[in-house]
Amino acid sequence: MPSWNTPTARRSHEPWKSDGKCDEVEPDSCPAEAQTAQALPPISKKGPLSLDLSGKGAYHPPMRASRLHIVTYREDPADAEVLSHRLMARAGLIFKVSSGLYAYSPMLWKSLKKAQGIVRDELDHAGCLEIQAPILQDRQLWEQSGRWDVYEASGTMFTSTDRRGTTYGLAPTAEEVVTAYARATVKSYKQLPICLYQIHTKFRDEIRPRFGLLRVKEFLMKDAYSFDVSDKALADSYENMRLAYHRIFRRMGLEAFGVDADPGDIGGSGSMEFMLAADSGEDAILIEESSGYAANVEKATSRAAKPAGQDEAPRDMRVEDTPGVRTCDELSAFFPNVPPARMVKTVLFKAIHTDHEEFWAALIRGDQEINEVKLRNHTSGLELKMLSDDEIEAKTGAKQGFAGPIGLSDTFQIVADKTVRGMVNLLCGLNTTDQHALDVNIGRDFPEPTYADFRLAREGEPGPTDGDPLILKRGIEVGHIFQLGTKYSAAMGATFMAENGREQPLVMGCYGIGVSRVVAAAIEQNADEHGVVWPVPLAPFEVAVACLSPKDEELSQVAEDIYTQLGSQGVDVMLDDRKLSPGAKLKDLELLGFPFTVIVGRAFRDEGKVEVRNRREMSSELVAPELVTQQLTTILEDLRVGLSDS
RNA sequence: CGGGGCGUAGCGCAGUCUGGUAGCGCACUUGACUGGGGGUCAAGUGGUCGUAGGUUCAAAUCCUAUCGCCCCGACCA
């Protein structure tokens, strides 16, 4: 008997096929002796979801496709727009329960557990400690940090009330809870640094859930919180986590890149997003290749070209009738010798704060656009809303399209983008319907405003570092790390006794990874016209062994043996024993996207060989059955991307 | 929140305008054949047509309300 055919000691992984005495009887009526320890399979030293993905000694229970509840569809679902959504639905990986709410199939959950395993392993190696916090968090806790109002204003948080009237939020993230835990338990600098994390369900009331698992109301997220003695120590923790993130994504077999980002509702001083490049990505990223600068457009800066004519001597201001001329383009057509770069746009906003509203007039050069995220940060409002036409008329006395810094009522706070500084003889509105002013000069015709950067950086503009043109890419945000500082600890009174004997607020960082989103994004990035192409580390199974003639006992036995061999060598393998026609089975396996498929069929009958297929390359080669296991374990070794010590 | 579209079998759809026995493809079940690209033949299972009310001799179809799902938009002067 060839060595590959040697029966391996099999554990009873498949109780429904057990040889035990209980086979034909109800479990309850099973004789007592059959339930003793001897009747049970030995306990594995490593669990089925071992963190050791090196392949050495890893143990995965063998699995038969006929028992895995694989349900695939030939047609795309009607509501799927993007690739990952279509494929996940067709492969039966997700089941939509309601808008933005999905159940994960056994196969997908297996992938998600692998993703969690990688996250967990890397964070544990990075010195973090896993915890589990409640999802239901009471309102008072969130009021302590001041974020209840923020999330209420943006409508992001689901809320609920218990029978006694206490209001709760369903956690969109868990800074408050973990900070409260640290407040109660961290008393001394001797306990620091510490980083706590959990992998748990998060809730966000998305305005518009879409793209399958990419934007949903309920999802799986890893969130971590670091506590340090100082900003300097925080920087170390942050850097430690940044490196861990790169290792995590690399180990998942994904190419993620970090970009400067706006911290948004989380707050804090610095933040970086981790992106997976994808055309369907909802985030736009500007990249300056020479310097490695990369930033979310919400945050990105660039060098704006200086318009001509800034050295002119100021001329006298004049007012012209401009009936019905509202936009910069229309003005430019009306005054052919005044390009938009010589105009100042005045955009009127309302900044919503916790207890009041402020009116803001934002001035920006006519050829530029406002970045509302930057502007909102400048106003420190919870939300920024453009004024409606009616509001504009009520506040300025002129119809929409004629607002300007001249004679603007003092109910507005005026801020100008830096591009406005130094402009000479500019054109702008003067809050009179059907009129604009020319040769306006700052400081003379209207008061010198304060300046800030709230200009939208655009593709092709010179980058901030080297001045090389910015390139636009789209990406899916899969991770985000923040240097929070003392925002939460100070607000919530989470302090510790420092080495100098003084009480100080904990210095915090927080770090998220959208685990379910990563897996969906992985499919978005790894798929072709045939279906999913799983990266090995996230694949529900690394190898599928398929016999194309399930009725042929000899072929079936060959497949069974290869499957057993692979399993005994720590390969995560599935035996496709389904009674499907060859074509249907092959198509199905391609849709499901296992990295490798071993096909036992014609080639074995003809020349005693089996076919080893590479899903990504869509290539195949004939291999002698006794060599399959060695060959695949070698290839997989390379593809199970490096470990935490790398 | 504004606009548009759609709810008919597990999935994808027709039927609605013009009221009159609820259909097609896929999937599923049984049998036979077939066995390397979603194979063939035969026989089947499965739907109170989203829900509620109304009009009518009669409603998937017309009217009203309501719920759900999808898409687009939410103003750059």
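The residue R365(A) sits apart from the nucleic acid: no heavy atom pair falls under 4.0 Å. Base engagement by T346(A) is indicated by at least one non-hydrogen atom pair under 4.0 Å involving a base atom. As judged by a 4.0 angstrom heavy-atom cut-off over every strand, I599(A) is placed among the base-contacting residues. Residue contacts shown for D76(A) are limited to sugar-phosphate atoms, with no base heavy atom under 4.0 Å away. Heavy atoms of R602(A) sit under 4.0 angstrom from at least one base atom. Within 4.0 Å (heavy atoms only), I207(A) reaches at least one base atom of the nucleic acid. Across all strands shown, L348(A) has heavy atoms under 4.0 Å from base atoms, whether or not it also approaches the sugar-phosphate. Residue-level contact check: A78(A) touches the backbone only, with heavy atoms under 4.0 Å from sugar-phosphate atoms and none from bases. E590(A) comes within 4.0 angstrom of a nucleotide base, judged by non-hydrogen atoms across all strands. Among the protein residues, E330(A) comes within range of no part of the nucleic acid, since none of its heavy atoms lies under 4.0 Å from any strand.
Under the 30°/60° scheme for interplanar angles, the aromatic rings of Y104(A) and W109(A) are found to lie parallel.
Summarising the geometry, the separation between CD on E81(A) and C1' on G5(B) is reported as 13 Å, rounded to the nearest angstrom. Note: CG (D588(A)) to C1' (G37(B)) measures 12 Å, nearest angstrom. Taking atom CZ of residue F334(A) and atom P of nucleotide A77(B), one finds them 18 Å apart after rounding to whole Å.
In this structure, E206(A) does not pair ionically with K217(A), as no charged nitrogen and carboxylate oxygen lie closer than 4.0 Å. Of the charged side-chain nitrogens involved, none lies within less than 4.0 Å of a carboxylate oxygen, so that D283(A) and R474(A) do not count as a salt-bridged pair. Taking 4.0 Å as the cut-off between side-chain N and carboxylate O, D79(A) and K96(A) count as a salt-bridged pair. Looking at D528(A) and R615(A), a side-chain N of the basic residue comes within less than 4.0 Å of a carboxylate O on the acidic one, giving a salt bridge.
For the P atom pair drawn from G37(B) and G46(B), the interatomic distance equals 36 Å after rounding to whole Å. Straight-line distance between the C1' atoms of G19(B) and C75(B): roughly 45 Å, to the nearest whole Å. Taking the P atoms as reference points, U61(B) lies 16 Å from U56(B), given to the whole Å. If you take atom C1' in U64(B) and the same atom in G23(B), they sit 29 Å apart, rounded to whole Å. Atom P of G68(B) sits at a distance of 31 Å from the matching atom of U18(B), rounded to the whole Å. Rounded to a whole angstrom, the distance from the P atom of C70(B) to that of C33(B) is 47 Å. A distance of about 9 Å separates the C1' atoms of U8(B) and G15(B), rounded to the whole Å. With P as the reference atom, G39(B) and A60(B) are 36 Å apart, rounded to whole Å.
The partner of G10(B) is C26(B), by the rule that a Watson-Crick or G-U pair needs both atom distances under 3.5 Å. G47(B): no Watson-Crick or G-U partner with both key distances under 3.5 Å is found in any strand. Summarising the base pairing, G73(B) is matched to C1(B) through a Watson-Crick or G-U wobble pair whose two defining distances lie under 3.5 Å. Look at C33(B): its Watson-Crick or wobble partner, with both distances under 3.5 angstrom, is G39(B). Nucleotide U18(B) is matched to nothing when pairs are restricted to Watson-Crick or G-U wobble geometry with both distances under 3.5 angstrom. When Watson-Crick and G-U wobble pairs are counted only if both distances are under 3.5 Å, U61(B) pairs with no nucleotide at all.
Using a 4.5 Å cut-off on side-chain heavy atoms (C-beta onward), L592(A) and I70(A) make contact. At a threshold of 4.5 Å between non-hydrogen side-chain atoms, the residues E358(A) and F412(A) do not count as touching.
For K551(A) against G35(B), a side-chain-to-base donor-acceptor contact under 3.5 Å is present. Side-chain to base pairing of R578(A) with G38(B): no donor and acceptor N or O lie closer than 3.5 Å to each other.
Comparing K579(A) and P209(A) against RNA chain B, the residue whose closest nucleotide sits nearer the 5' end is K579(A). Comparing E75(A) and T72(A) along RNA chain B, the residue whose closest nucleotide (by nearest heavy atom) sits nearer the 5' end is E75(A).
In this structure a side-chain-to-backbone donor-acceptor pair under 3.5 Å is missing from S332(A) to C328(A).
Contact check, R74(A) against C11(B): no side-chain N or O comes under 4.0 Å of OP1 or OP2. Look at S549(A) and you won't find any side-chain N or O under 4.0 angstrom from OP1 or OP2 of G36(B).
Looking at the side chain of L331(A), the nearest of the listed nucleotides C26(B), A77(B), G10(B) is A77(B). In the set G38(B), C70(B), A77(B), the nucleotide with an atom closest to the side chain of D79(A) is C70(B). The side chain of K587(A) approaches G37(B) more closely than any other nucleotide in the set G36(B), A77(B), G37(B). Side chain of K96(A), nearest nucleotide from C70(B), G37(B), C76(B): C70(B). Checking C69(B), G39(B), A77(B) against every side-chain atom of S98(A), the shortest atom distance belongs to C69(B). Checking G37(B), C71(B), A77(B) against every side-chain atom of L586(A), the shortest atom distance belongs to G37(B). Side chain of Y73(A), nearest nucleotide from G35(B), G38(B), C11(B): C11(B).
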